[in-house]
2 protein chains.
Amino acid sequence: MASDHTRSAILAAAERLYADRGFGDVTLRDIVAEANVNLAAVNYHFGSKDELIAELFVTRSIQTNRERLNELRAAEDAGGGRAVIEDIMRALVGPTLRGCLGPDREGSTAARFMIRASIESVPPIRRIKNREVDHLRKFAAAMRRAMPGRDDTELYWGLHFALAMAHHTIREKERLLRLSEGKCDLDDVRAIIDRVVTVSVMALTMGDVASKPAARPVLVHGRLTRQDL
Amino acid sequence: MASDHTRSAILAAAERLYADRGFGDVTLRDIVAEANVNLAAVNYHFGSKDELIAELFVTRSIQTNRERLNELRAAEDAGGGRAVIEDIMRALVGPTLRGCLGPDREGSTAARFMIRASIESVPPIRRIKNREVDHLRKFAAAMRRAMPGRDDTELYWGLHFALAMAHHTIREKERLLRLSEGKCDLDDVRAIIDRVVTVSVMALTMGDVASKPAARPVLVHGRLTRQDL
DNA sequence: TTGCATTTCAAACATTTGTATGAAACTATC
DNA sequence: GATAGTTTCATACAAATGTTTGAAATGCAA
């Protein structure tokens, strides 16, 4: 293998173009023009367009997953093998939110690519996402250790809602910005992570209440304030 | 105008095919074959493929938005012009969740179409979604009336998170099902709505806590149980 | 240098796809 | 029942796009 030059030029150009203009609008000819390589090089090095997209997404996914697991292990080590639930949720949503939001992240091609992959999901990416369940199970296991005795169902719902808030914030940040007329600060990533983590932990610690609406007297009139905690 | 037969046959066939196989995999030729009409009929009646998709999505969006506003008004009327926050959130997420989840909804073409539109967003649909902000403002206004004095920012975040949980549950229901090995019951729509509403209201009533993580002592060790409420 | 494998290149291929055309069929009005 | 407007139809068009091909160039080892 000579130098990988062509291969990495294609990867870089493809990621940049996909991040900027989306998968639907970028053709192989756009990519090879941006990378200054021959059209056939894509099929030579990657086999097909879909495999190129898959490689891009897998690379970035592995990075994110590794960051998540590093944070999770750090939290578990600090707690002697059992992390507190708050830190687990932080490890789950932190890396993605930090990577995709924030003021300086505007220039991060990788982050914008992952946002794009989250918004307009194409077949090769969908196939990979389907294998993400194994990764999430590690978090479910950590949560189970942190909250022994809690029903598994609640754990999964909490995990699910945490990802919901994180991903939806990334996906719909433009809309939230417009809806709030700029009042919601999407550059303060730390505050956003705190917010998502806090709500996730609340959801988890509410437990079985959710299925019994009558058992929520303090909420019925929507008058619960911070002091009521 | 004669009978609208061709027009509605195209709409029905297109919605069914898009719902089943996604936008990327369905061509105009597939649609006209399913509808038993001529290829040129699409452009004659709708102008273009994108306008056909737009009409499908607009129709279903209007239906959902109307349901939401009906529920909202009913709640406000019942409360003498001011609905409780819980009912407002229920009006926001209830129609979509009821429409897209549940056991018998498997056969609802409209619901499956909207799920598809939520998963693989295509240009004509994205353009329409961008105009959805005005509709959400009505809910923000109702929430403001229900929780006077609360900071607007918190209102928007709560609204945003409610939609996040609802939409993500629809989008990723397969994954949640697989992750939880079937333990999360995605057919019990009423329980899911309660769950989303409860967490949303919690998020809203937490208010400014989120930006000050140090002010959450009861949560730090993840030991808050139902009794602590 | 010679020989062999790898990589690059220009060009062509083969489809697919949305759209346009113009004639034919149909419908309703007078 | 003739006419004008509407709708349907078969067919063609034009453009885009991923992929393939076979030769040329390049790099490397003997």
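Letters A, B, ... are given to chains in the order of the sequence lines, protein chains preceding strands, and every chain is numbered from 1.
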Check the side chains of A:Gln63 and A:Arg66 for a donor-acceptor pair under 3.5 angstrom, ignoring hydrogens and angles.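 Note: A:Arg66 and A:Gln63 side chains miss the donor-acceptor criterion.
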Test item: side-chain donor near acceptor, B:Glu67 and B:Thr64, under 3.5 Å: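 No, no side-chain donor-acceptor pair sits under 3.5 Å.
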Base versus backbone protein contacts along nucleotides 17-22 of chain C [heavy-atom cut-off under 4.0 Å; B, S, -]: BBBBB-
Atom-to-atom span, [atom1] of [X] to [atom2] of [N] - whole angstrom:
X	N	atom1	atom2	answer
B:Arg7	D:dT8	CZ	C1'	16 Å
A:Tyr44	D:dG22	OH	C1'	14 Å
A:Asn36	C:dA10	CG	C1'	16 Å
A:Phe46	D:dG18	CZ	C1'	15 Å

Between D:dT6 and B:His45, is there an OP1 or OP2 to side-chain N/O distance shorter than 4.0 Å?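 So the side-chain polar atoms of B:His45 never come under 4.0 Å of the phosphate oxygens OP1 or OP2 of D:dT6.
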For the residue pair B:His160 and A:His168, categorise the inter-ring angle as parallel (less than 30°), tilted (30 to 60°) or perpendicular (more than 60°).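 B:His160 and A:His168: tilted rings.
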Over 60° means perpendicular and under 30° means parallel, so tell me whether A:Tyr18 and A:Phe23 are parallel, tilted or perpendicular.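 Tilted: the ring planes of A:Tyr18 and A:Phe23 meet at 30° to 60°.
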Which pairs with one or both residues in residues 21-33 of chain B pass side-chain hydrogen bond (donor to acceptor under 3.5 Å, both in side chains), sequence neighbours excluded?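 Qualifying pairs: B:Arg21-B:Asp30, B:Thr27-B:Asp30.
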With A:Glu174, which residues qualify under salt bridge (Lys or Arg N to Asp or Glu O under 4.0 Å), at least two apart?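 Testing A:Glu174 for salt bridge (Lys or Arg N to Asp or Glu O under 4.0 Å), a comparison that skips the adjacent residues, returns none.
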